[in-house]
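The next block holds one structure in the form of structure tokens; read it before the comments.
Below, read A as the first sequence line, B as the second, and so on, with proteins coming before strands; counting in each chain starts at 1.
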Amino acid sequence: MSTEPPSKNDFIRQIIQEDRRTGKRHGRVQTRFPPEPNGFLHIGHAKSINLNFGLAKDFEGRCFLRFDDTNPATEDELFIRSIQEDVRWLGFDWGVDLRFASDYFDAIYEHAEGLIKAGKAFVDDLTSDQMRELRGVPGVPGKESPHRNRSVEENLDLFRRMKAGEFPDGSRTLRAKIDMASPNFNMRDPVLYRIKRQPHPKTGTKWVIYPMYDYAHALSDAIEKTTHSICTLEFEDHRPLYDWSIDAIPGALGIDPAERPNQYEFARMEVTYLLTSKRKLKELVETKTVAGWDDPRMPTIAGMRRRGVPAAAFRDFCDRTGVAKAAQMVEIELLDHCIREELDRTAPRVMVVTKPLKVTIETIAAGETISLEAPFHPSNPDMGSRKVALSRDLVIEETDFMMDPPKKFFRLGPGREVRLRYGPIIKCERVVTDAGGNVVELVCSHDPSSMPGAGGEPRKVKGVIHWVSREHGIATEVRNYDRLFAVPNPADVEEGEDFKKNLNPNSLEVLPNALAEASLAGSKPGATFQFERLGYYVVDPDTRPDKLVMNRTVGLRDSWAKEQTKD
RNA sequence: UGGGGGAUCGUCUAAUGGCAGGACGCAAGACUCUGACUCUUGCUAUCAAGGUUCGAAUCCUUGUCCCCCAGCCA
């Protein structure tokens with residue numbers, strides 16, 4: 001990378017530095033990435049992954065991948081697999097530290113009994129509606145449940161019978177006994193356990209009661225000996241409950257007060273033109289607006305991977321946007337920049353004509369093939385080179401010819417000259433049109449002395465265009481992807497309006513008749529290239545032996561396009 | 001109208017009482033067998049008003065605006 005990455009000194013790192021300076025937890029740093037396995041990971045999760053695993057790396061600690069699988073109603077094995085794949089693909093390794101909150105269900109249950117014995121939790125018979133009623137509203141204290149003062153014995157008996165499956169779903173809960181008058185709703189006797197007869201991906205039918213997030217998450221952190229528990233801003237209000245859960249029974253679960261975790265919150269990252277709402281992404285998939293969770297237009301890790309975004313670009317983007325507490329709405333242009341910067345370094349250059357226009361070089365004999373040497377990268381000779389075949393019969397990009405070009409158009413027009421990339425200068429002698437007046441073929445001559453290595457007088461022409469020999473090229477389908485949404489903030493709609501009205505109708509352009517140079521034959525899905533003068537592309541898994549399928553990751557910057565919009 | 005957070009170029013971020021800096025973006029130019037890359041130059045900011053101080057983005061006071069919270073979701 002040409003520029004030095006900014007040295008990271010965000011507020012979380014400052015806290016850790018301070019903890020180490022004071023010898024807190026013997027300087028140990030342990031984090032975790034705690035996804036719920038109920039959907040695909042998206043770019044917002046990438047930020048958290050990059051932070052948590054990055055911290056572990058920078059401070060020589062550990063980072064656990066822990067699934068917070070406390071709600072089997074929405075969770076699925078499919079997501080457990082895809083999430084692991086995505087984290088690994090992003091370049092992070094949890095080593096032996098793969099965990100599930102469900103690994104701790106026994107310990108959490110025991111802890112809950114401990115809470116009851118300490119008089120800090122009770123079994124409630126209220127329905128959720130009744131509970132909401134008593135919870136109160138902002139500025140008004142809630143009211144205590146009529147069951148709040150049951151005896152320890154009765155609570156213990158009821159809780160054990162909840163576990164044994166004696167009561168129907170939703171009929172009873174275990175609640176913490178904290179403070180119904182707290183201005184913080186999370187502290188108004190929050191529910192700790194609910195009854196839910198739902199097979200669990202990991203524990204099957206062993207449990208009919210499941211712990212709630214706040215409780216299970218805090219205990220899981222403490223059990224794993226997490227040091228810095230990092231989450232997003234909306235959990236700031238939950239921190240008192242996090243602390244309460246860990247501290248309610250001193251010494252429980254072997255937790256050393258000097259080693260207990262602390263929660264820190266940072267701002268979520270939103271990106272313009274993208275959505276990170278799980279619900280909305282799911283809707284796009286279910287309404288078949290996109291082809292699936294890994295549609296290249298999706299802001300999911302899987303989608304962007306299929307789009308051809310390199311993992312290194314993702315990490316760079318997360319680093320560059322930083323970690324702070326003010327809401328982030330990052331411009332997608334920065335992501336595009338990170339992608340281009342990475343791909344400029346790493347992607348081999350090739351020539352592909354996406355919208356072919358037939359060109360005949362009448363000064364080359366039919367059947368003659370001229371082999372030209374073309375480096376794979378303009379500034380990195382280590383990437384080597386390949387031969388490209390030039391012949392009489394070519395295609396060029398439709399947009400590289402204009403019948404009546406404006407002054408600043410450097411490409412082909414009647415009587416104009418242009419250089420074929422890595423090849424000779426050609427001149428457009430005649431234009432062939434069909435009955436409808438459409439340009440169907442260009443007849444050109446070439447200047448043999450302008451051939452690379454021909455030793456002729458060096459001639460300069462302003463325009464250089466890419467091309468492919470028709471007989472040597474291979475059939476290719478090009479999928480030009482663009483932004484899925486047409487507006488910077490697609491989630492921002494009037495009450496009652498559908499966010500899908502913000503979709504970009506031109507987010508996918510399929511070009512089935514593209515022609516790629518022969519060197520692309522046999523390319524494997526995931527391989528990235530720069531199509532010269534066009535953009536960065538990746539081989540799609542839909543590729544078949546007789547047809548290459550290429551997805552556009554991002555276009556090259558295009559100052560000609562900008563010039564055109566000036567008028 | 002309760003509680004919890006947050007406000008620095010258009011966007012993201014730095015500064016930790018001592019020159020408001022960087023990146024993206026945008027503009028102009030140079031270079032170029034990619035109208036790419038690269039390079040040069042330029043553009044624009046401390047929410048407001050008071051106060052403390054030799055000196056304030058930073059400390060204090062009072063406002064303003066924005067975000068989150070009333071799931072048996074996470």
Please step through side chain to side chain donor-acceptor pair (under 3.5 Å) for the pair A:T70 and A:D68, ending with a clear verdict. CA-CA 6 Å; A:T70 56; A:D68 270 350; over 6 Å; no

Quick check on B:U38: is either OP1 or OP2 less than 4.0 Å from any side-chain nitrogen or oxygen of A:R345? no

Taking only side-chain N and O atoms of A:T272, does any of them lie within less than 4.0 angstrom of OP1 or OP2 on B:U11? no

Could you tabulate the donor-acceptor pairs under 3.5 Å formed by side-chain atoms of residues 34-45 of chain A, not counting sequence neighbours?
unit_1, atom_1, unit_2, atom_2, d
A:E36, OE1, A:N38, ND2, 2.8
A:E36, OE2, A:T74, OG1, 3.3
A:N38, OD1, A:K278, NZ, 2.6
A:H42, ND1, A:G44, N, 2.9
A:H42, NE2, A:T276, O, 3.1
A:H45, ND1, A:H42, N, 2.9

Within the structure shown, what part of the strands sits under 4.0 Å from A:R419 by heavy-atom distance: base, sugar-phosphate, or nothing? base

Name all stems that contain residues of RNA chain B, defined as runs of 3 or more consecutive Watson-Crick or G-U wobble pairs, both distances under 3.5 Å. B:2-7 with B:64-69, B:10-13 with B:21-24, B:25-30 with B:38-43, B:47-51 with B:59-63

Give a yes/no answer on whether the side chain of A:H466 brings an N or O atom under 4.0 Å of OP1 or OP2 in B:U34. no

Students often get this wrong, so: under 4.0 angstrom with heavy atoms, is A:Q328 touching a base, only sugar-phosphate, or nothing? sugar-phosphate

Can you name the residues that form a salt bridge (Lys or Arg N to Asp or Glu O under 4.0 Å) with A:R340, not counting sequence neighbours? none

Quantified in whole Å, what is the P atom distance between nucleotide B:U61 and nucleotide B:C67? 25 Å

For A:K202, enumerate each residue passing the side chain to side chain contact (heavy atoms under 4.5 Å, CB included) test, keeping only those at least two apart in sequence or located in another chain. A:D69, A:I80, A:F100, A:S102, A:H200

note: A:D125, atom CG; B:C72, atom C1'; distance rounded to Å ~ 13 Å

Counting any heavy atom closer than 4.0 Å, what does A:L343 reach on the DNA or RNA strands: base, sugar-phosphate only, or nothing? nothing

Within the 6.0 Å centroid threshold, strictly below: A:Y193 and A:F159: yes

Write down the distance separating the P atoms in B:G4 and B:C9, rounded off to the nearest Å. 27 Å

Using a 4.0 Å heavy-atom cut-off, does A:R411 contact any base of the nucleic acid, only the sugar-phosphate backbone, or nothing at all? base

According to side chain to side chain contact (heavy atoms under 4.5 Å, CB included), who are the partners of A:V464, at least two apart in sequence or on a separate chain? A:R419, A:R421

Within less than 4.0 Å of OP1 or OP2 of B:G35, is there a side-chain N or O belonging to A:R533? yes

So what does A:A73 touch, heavy atoms closer than 4.0 Å: a base, only the sugar-phosphate, or nothing? nothing

A:E398: what forms a salt bridge (Lys or Arg N to Asp or Glu O under 4.0 Å) with it, not counting sequence neighbours? none

For atom C1', what is the distance between B:G51 and B:U41, given to the nearest Å? 42 Å

Walking RNA chain B from its 5' end, the first of A:Y193 and A:K325 to be reached, judged by nearest nucleotide, is A:K325

With sequence neighbours left out, write down each residue that passes salt bridge (Lys or Arg N to Asp or Glu O under 4.0 Å) with A:R483, or none if nothing qualifies. A:E333

If you look at every strand shown and take non-hydrogen atoms under 4.0 Å, does A:G423 touch a base, only sugar-phosphate, or nothing? base

Are A:K462 and B:U32 close enough that a side-chain N or O sits under 4.0 Å from OP1 or OP2? no

Give every pair of a protein N or O atom and an N or O atom of nucleotides 41-44 of chain B that lie under 3.5 Å apart, one pair per line with the distance.
none

Considering every strand and a 4.0 Å limit on heavy-atom distances, what is the contact class for A:E265: base, sugar-phosphate, or nothing? nothing

Write down the distance separating the P atoms in B:A23 and B:U40, rounded off to the nearest Å. 10 Å

ring-ring contact (aromatic ring centres under 6.0 Å, His included) assessment of A:H217 paired with A:Y213: CA-CA 5 Å; A:H217 185 86; A:Y213 162 83; 4.8 Å; yes

Taking N and O atoms by type only, does the side chain of A:E331 place a donor or acceptor under 3.5 Å from a partner on the base of B:G10? yes

Within 45° cone and under 6.0 Å: A:R188 NZ/CZ vs A:F185 ring: yes

Among residues 163-181 of chain A, which ones have heavy-atom contacts with RNA chain B below 4.0 Å? A:G170, A:T173

Considering every strand and a 4.0 Å limit on heavy-atom distances, what is the contact class for A:P378: base, sugar-phosphate, or nothing? base

Atom P, compared across B:U38 and B:C12: separation rounded to whole Å: 24 Å

So, the side chain of A:E397 versus the backbone of A:T354: is there a donor-acceptor pair under 3.5 Å, distance only? yes

Can you give one letter per nucleotide of nucleotides 66-71 of chain B, 5' to 3': B if a protein heavy atom sits under 4.0 Å from the base, S if only from the sugar-phosphate, - if neither? --BSBS

Taking atom C1' in both B:U46 and B:A7, what distance in whole Å separates the two? 10 Å

What interatomic distance, in whole Å, is found between P of B:C37 and the corresponding atom of B:A28? 16 Å

Taking only residues two or more places apart in sequence, or in another chain, which ones meet A:R160 in a side chain to side chain contact (heavy atoms under 4.5 Å, CB included)? A:Y109, A:E113, A:K117, A:L156

A:S171 side-chain N/O to A:P168 backbone N/O, donor-acceptor pair under 3.5 Å: yes

Are the ring centres of A:H111 and A:Y215 closer than 6.0 Å? yes

Whole angstrom value for the distance that separates P of B:U11 from CD of A:E333: 13 Å

Here the pair of heavy atoms bringing A:G473 nearest to A:V468 is CA-CG1, 3.7 Å

Rounded to the nearest Å, what distance is computed from the CG atom of residue A:L335 to the P atom of nucleotide B:U11? 18 Å

Side chain to side chain contact (heavy atoms under 4.5 Å, CB included) involving A:P146 - partner list, sequence neighbours excluded: A:L126, A:L134

What's the CZ-C1' distance between A:R340 and B:G35, to the nearest Å? 14 Å

Assert: residue with more 5' nearest nucleotide on RNA chain B, out of A:L556 and A:P452, is A:P452

Whole-Å distance separating the CG atom of A:D558 from the P atom of B:C37: 10 Å

Side chain to side chain donor-acceptor pair (under 3.5 Å) between A:E532 and A:Q530, intermediate numbers included: CA-CA 6 Å; A:E532 293 211 49; A:Q530 185 199 94; over 6 Å; no

Does a nitrogen or oxygen in the side chain of A:K8 sit under 4.0 Å from OP1 or OP2 of B:U13? no

Taking any heavy-atom pair under 4.0 Å as a contact, classify A:F409: base, sugar-phosphate, or nothing. base

How far does the P atom of B:G55 sit from the matching atom of B:C19, given to the nearest Å? 15 Å

Hey, does the side chain of A:S379 come within less than 4.0 Å of B:U38's phosphate (OP1/OP2), counting only N and O? no

Check whether any side-chain nitrogen or oxygen of A:R279 sits under 4.0 Å from OP1 or OP2 of B:A74, and answer yes or no. no

